[in-house]
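In what follows, a structure is listed as structure tokens, so that the remarks can point back to it.
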Amino acid sequence: MDFPGLADKRMHRPAAVLVPVVLRDEMPSVLLTRRTEHLHHHPGQISFPGGRVEAGDASAVDTALRETEEEIGLHRRHVELLGALPDYLTGTGFRVTPVVGLVHPPFELKLDAFEVAEAFEVPLAHFLDPANHEEHSIVHEGRVRRFHAMPYHGYFIWGATAGIIMSMYRLLHMQMGAQDS
């Protein structure tokens, strides 16, 4: 959560993102987008494809898949759903449900130029290596706010995106620890 003091989920607008893990032959990667600079929410930031829940969406999964198709043209037939991570509350008032899915190549992306400046992949191993996890802080409205960041080749991955990645990291770390015992 960007701002731990925001504990009341009911006050947040529901949204969902797809956490797309691409099954590449050499190694799995995570597909991310860079938002265009003119957007009102999080301009220029690195994000997962997704957005707010709309009235016609049957579930958070439906929202994540619909938004992914709209933003980057990745059709749901390429996505094998694994489940959802815990909801993530943002300081901008969203309750984001991260839906994790395996993406099966080959696929072709068609970016919505209004919302998405670019799409790129980061090796999953980068996010699973604690050496790449950073913690930063800022003063916002008189309070110190801490946030995760995971820079990668000139991309500053932070905020909700890094927080969701950390949630996935913790879950995988716990699963791997349970297997070792």
Side-chain angles (χ1 to χ4, degrees), residues 1-7 15-37 39 41-50 64 68 71-72 74 78-92 94-105 107 109 111 116-140 143-181:
M1 157 177 6
D2 285 349
F3 302 98
L6 303 175
V17 298
L18 180 67
V19 179
V21 178
V22 182
L23 296 175
R24 297 285 179 202
D25 288 338
E26 56 280 1
M27 73 177 76
S29 63
V30 177
L31 179 63
L32 296 166
T33 66
R34 185 173 57 82
R35 298 169 56 83
T36 53
E37 295 293 337
L39 293 175
H41 292 291
H42 313 291
Q45 290 185 13
I46 306 304
S47 64
F48 292 112
T68 297
E71 289 180 13
I72 62 173
L74 178 64
H78 294 286
V79 181
E80 177 186 344
L81 297 171
L82 295 181
L85 296 168
D87 284 354
Y88 190 91
L89 304 180
T90 72
T92 53
F94 289 96
R95 183 184 75 245
V96 181
T97 300
V99 177
V100 181
L102 299 177
V103 179
H104 298 274
F107 58 86
L109 300 180
L111 306 184
V116 180
E118 70 176 302
F120 61 97
E121 294 180 33
V122 176
L124 178 60
H126 176 78
F127 295 129
L128 298 181
D129 183 350
N132 297 319
H133 302 175
E134 298 178 358
E135 189 172 306
H136 295 261
S137 64
I138 59 169
V139 176
H140 180 73
R143 294 181 58 194
V144 174
R145 310 286 190 180
R146 299 190 190 294
F147 61 93
H148 295 285
M150 299 169 183
Y152 178 77
H153 294 280
Y155 295 104
F156 191 67
I157 302 162
W158 69 288
T161 303
I164 290 167
I165 292 167
M166 284 301 298
S167 179
M168 185 168 66
Y169 166 79
R170 288 184 195 109
L171 178 68
L172 291 171
H173 190 70
M174 286 186 333
Q175 290 290 336
M176 294 166 78
Q179 290 176 358
D180 291 343
S181 48

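Computed from heavy atoms alone, side chains included, the values below leave out hydrogens, waters and symmetry copies.
Taking the six-membered ring where tryptophan is involved, the planes of Phe147 and His136 are essentially parallel, since the angle between them stays under 30° and well short of 60°. Using cut-offs of 30° and 60° on the angle between ring planes, the pair His133 and Tyr169 is perpendicular.
Rounding to the nearest 0.5 Å places CD1 of Ile165 at 11.5 Å from CG of Leu172. Atoms CZ and CG, on Phe94 and Leu89 in that order, are 12.0 Å from each other to the nearest 0.5 Å. With values rounded to the nearest 0.5 angstrom, Ile46 atom CD1 is found 10.5 Å from Phe156 atom CZ. Here the CZ-CD distance, from Arg34 to Glu118, works out to 4.5 Å after rounding to the nearest 0.5 Å. The CE atom of Met27 sits 12.0 Å away from the NE2 atom of His126 when rounded to the nearest 0.5 Å. Note that CE of Met150 and CG of Leu32 are 10.5 Å apart. Values are rounded to the nearest 0.5 Å.
Counting all heavy atoms, side chain and backbone alike, Thr36 lies closest to Ala117 at CG2-N, 3.6 Å. When all heavy atoms of Ile157 and Tyr152 are compared, the pair lying nearest together is CD1-CB, 4.2 Å. Counting all heavy atoms, side chain and backbone alike, Leu18 lies closest to Gly101 at CD1-N, 4.1 Å. Counting all heavy atoms, side chain and backbone alike, Ala16 lies closest to Ala64 at CB-N, 4.0 Å. Shown here for Asp87 and Pro98, the closest heavy-atom pair between the two residues is CA-CD, 4.3 Å. Heavy-atom minimum distance, Ser137 versus Arg146: CB-NH1, 3.7 Å.
The closest side-chain heavy-atom distance from Val79 to Pro20 is not below 4.5 Å.
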> So Leu31 and Leu109, side chain to side chain contact (heavy atoms under 4.5 Å, CB included) or not? Walk me through it.
Replying inline: CA-CA 11 Å; Leu31 179 63; Leu109 300 180; 4.2 Å; yes
>> Walk me through whether Phe48 and Thr68 qualify under side chain to side chain contact (heavy atoms under 4.5 Å, CB included).
In response: CA-CA 9 Å; Phe48 292 112; Thr68 297; over 6 Å; no
> Would Leu124 and Met168 satisfy side chain to side chain contact (heavy atoms under 4.5 Å, CB included), going step by step from the backbone distance to the final call?
Replying inline: CA-CA 11 Å; Leu124 178 60; Met168 185 168 66; 3.9 Å; yes
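In this structure a side-chain-to-backbone donor-acceptor pair under 3.5 Å is present from His78 to His104.
Partners of Arg170 according to the salt bridge (charged side-chain N to carboxylate O under 4.0 Å, His left out) rule, which considers only residues two or more places apart in sequence or in another chain, do not exist here. By the salt bridge (charged side-chain N to carboxylate O under 4.0 Å, His left out) test, Glu134 pairs with no residue at all, sequence neighbours left out.
Defined by atom type and a distance below 3.5 Å, a donor-acceptor pair is missing between the side-chain atoms of Ser47 and Thr161.
Of the residues Leu85, Val17, Leu171, the one that meets the side chain to side chain contact (heavy atoms under 4.5 Å, CB included) test with Val100 is Leu85.
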